Protein chains: 2
Amino acid sequence: MTVPSGRRERKKAATRQKIADTALRLFLERGYDAVGIREVAAEADVAVTTLFSHFASKEALVFEQDEDFEQRLTQAVTGRAPHEPLIPALRSEIQALVRHCTADSAAPIWRMIDESPALRKYEESMRLRHAETLATAIAADPELPQTATASRTIARFVIDAYSLAREAAEPEAAVDEIFWMIEAAWEATCPSRPRIPSSDTREQVTRR
Amino acid sequence: MTVPSGRRERKKAATRQKIADTALRLFLERGYDAVGIREVAAEADVAVTTLFSHFASKEALVFEQDEDFEQRLTQAVTGRAPHEPLIPALRSEIQALVRHCTADSAAPIWRMIDESPALRKYEESMRLRHAETLATAIAADPELPQTATASRTIARFVIDAYSLAREAAEPEAAVDEIFWMIEAAWEATCPSRPRIPSSDTREQVTRR
DNA sequence: ACCGTAGCACTAACGGTTAGCATTTTGGAG
DNA sequence: CTCCAAAATGCTAACCGTTAGTGCTACGGT
């Protein structure tokens with residue numbers, strides 16, 4: 001009972017990792033569609049049912065660590081300093097995430113994803129989950145007196161920014177461009193802090 | 001060659017419609033997941049392969065007329081009067097679409113969709129297609145000198161508005177609320193037409 | 001009247017996924 | 001140390017959506 005100690009959890013995590021690694025290797029070697037679940041299971045030396053006890057679907061093998069993504073986003077909202085404005089915090093987090101997934105080392109994986117309709121579809125519904133989670137985090141912030149609809153809207157827009165920037169020719173510039181729009185959308189719902197002052201317009205958005 | 005006249009086309013359309021009607025009836029009677037493709041085909045008195053020659057997937061049976069949706073959106077962009085502003089045109093179109101799909105008569109269908117993960121997933125990727133189509137239409141408008149990224153962004157936001165409003169407690173109010181944000185986002189990329197002559201002190205920072 | 005082809009039927013299979021049940025491994029209680 | 005309950009894994013056999021292959025039939029243009 002109580003807290004299951006060490007070994008069991010480690011072994012389970014190890015099995016999970018072995019499956020994910022094997023799967024990704026095979027997928028990259030021979031193509032996602034050309035590799036069957038039964039093959040992955042055999043190569044990882046586990047039963048098919050075991051594989052499915054670790055991963056809900058074949059696609060989930062590829063997006064193994066999507067919970068990190070979710071976590072980082074909510075953390076960017078809940079973990080920011082008092083009075084730190086929301087949108088810039090999200091902007092720099094998205095910027096980091098985009099940089100991470102457009103890095104050369106990640107290129108083969110994203111190429112594989114882009115080529116498989118099943119994987120694209122899966123990623124899309126994953127993003128919707130992330131948007132919902134983010135919306136909840138935004139709505140829970142007492143500093144932000146937003147409508148439920150406004151929270152969900154901004155969350156969607158932010159996730160859209162990630163998705164669009166990832167596919168853009170110049171991902172980092174695209175993040176800036178889209179967040180410029182998001183900022184405007186956000187302030188339209190949040191007239192409390194007028195942004196007028198003459199000259200600060202664009203500078204604070206173009207950090208780095 | 002040329003244009004195959006009359007009977008053949010009518011028969012084909014009739015078969016398609018019969019399949020769609022049968023499917024929807026069975027799905028609503030006994031639940032989407034509880035009805036198999038083989039059952040639908042049998043009840044519609046066609047072969048399974050025939051069914052799949054009319055519909056690309058089981059989910060497509062439910063979203064039978066999604067091309068109308070796409071058409072209406074692009075029409076709202078390309079078919080508007082000269083100098084008619086983009087966003088309000090899209091707003092009223094989305095408003096109409098939301099009204100249409102939140103009507104009481106459509107309630108059982110959307111309840112079914114919301115309850116089936118497969119259908120939700122399908123609808124999501126459908127929306128992404130629609131967003132891309134809409135983005136193309138926006139980018140093609142010579143009156144709107146936008147970036148490719150800005151076009152795609154606005155298109156996504158508009159589709160998001162539809163999706164969010166459909167699920168909101170007060171759909172029509174939600175459309176207005178979200179489009180208020182979209183309007184602001186749009187004008188952030190389009191500084192040519194200031195919307196509040198008096199207080200708009202944002203100077204034209206020439207954007208890239 | 002004739003022929004090419006579009007539409008359709010049938011069978012068999014493939015691949016992801018799951019239910020059911022047996023077996024092993026692990027952590028903790030006695 | 002021993003023993004037990006639970007967790008983890010394994011195996012089999014299926015279900016279901018989907019597709020390839022093949023052939024037949026009826027329609028429409030010539």
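Values in this document were obtained by computation on a predicted structure and should not be read as measured data.
- Across all strands, A:Val40 comes closer than 4.0 Å to no nucleic acid atom at all (heavy-atom distances).
- Distance, B:Asp33 CG to C:dT17 P: 14 Å, rounded to whole Å.
- Considering only side-chain atoms of A:Val46, the nucleotide from D:dT18, D:dG10, C:dG16 that sits closest is D:dG10.
- In the set D:dC16, C:dT17, D:dA8, the nucleotide with an atom closest to the side chain of A:Ile37 is C:dT17.
- For A:Lys58 and C:dT17, the NZ to P distance is 8 Å, given to the nearest whole Å.
- Here B:Glu123 pairs with B:Arg166 in a salt bridge; the nearest charged N to carboxylate O distance falls below 4.0 Å.
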Item checked: Working for ring pair (Phe, Tyr, Trp, His ring centres under 6.0 Å), residues B:Phe63 and B:Phe69 -> CA-CA 10 Å; B:Phe63 296 96; B:Phe69 187 96; over 10 Å; no
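- The listed nucleotides are C:dG7, D:dT18, C:dG16; the one nearest the side chain of B:Lys12 is C:dG7.
- Straight-line distance from the CZ atom of B:Phe55 to the C1' atom of D:dG17: 16 Å, rounded to whole Å.
- In this structure, A:Tyr32 atom OH and C:dG15 atom P are separated by 13 Å, rounded to whole Å.
- Contact annotation: B:Lys11 reaches the phosphate of D:dC27 (side-chain N/O to OP1 or OP2, under 4.0 Å).
- A:Arg38 has its CZ atom 14 Å from the P atom of D:dA14, to the nearest Å.
- Contact annotation: side chain of A:Thr49 to base of D:dC11, donor-acceptor pair present below 3.5 Å.
- Within 4.0 Å of A:Asp45, counting heavy atoms only, lie sugar-phosphate atoms of the nucleic acid but no base atom.
- In this structure, B:Val48 reaches the bases: a heavy-atom distance under 4.0 Å links it to at least one base atom across the strands shown.
- C:dA12 atom C1' lies 15 Å from atom CZ of B:Phe52, rounded to whole Å.
- Judged by distance alone, with hydrogens and angles left aside, the side-chain atoms of B:Glu172 form no donor-acceptor pair with the main-chain N or O of B:Gln95 at under 3.5 Å.
- Judged by closest nucleotide on DNA chain D, A:Leu51 is the one of B:Glu59 and A:Leu51 placed further toward the 5' end.
- Counting distance only, with no hydrogens placed and no angle test, the side-chain atoms of A:Arg10 and the base atoms of C:dT26 include no donor-acceptor pair under 3.5 Å.
- Ionic pairing of A:Glu183 and A:Arg91 is not present here: no N-O contact between side-chain nitrogen and carboxylate oxygen is shorter than 4.0 angstrom.
- Rounded to whole Å, atom C1' of D:dC16 lies 15 Å from atom CZ of B:Arg30.
- For the OP1/OP2 pair of C:dG7 and a distance below 4.0 Å, the side-chain nitrogens and oxygens of B:Thr15 include no atom meeting the criterion.
- By the 4.0 Å N-to-carboxylate-O rule, A:Glu167 lies close enough to A:Arg120 to be salt-bridged with it.
- Looking at the side chain of B:Thr50, the nearest of the listed nucleotides C:dC8, D:dG10, D:dG17 is C:dC8.
- A:Pro108 pairs in a side-chain contact (heavy atoms from CB on, under 4.5 Å) with only one of the listed residues (A:Leu24, A:Ile113, A:Leu28), which is A:Leu28.
- Under 4.0 angstrom from either OP1 or OP2 of D:dT9 there lies at least one side-chain N or O belonging to A:His54.
- As a whole-Å value, the separation of B:Tyr122 OH from D:dT18 P is 10 Å.
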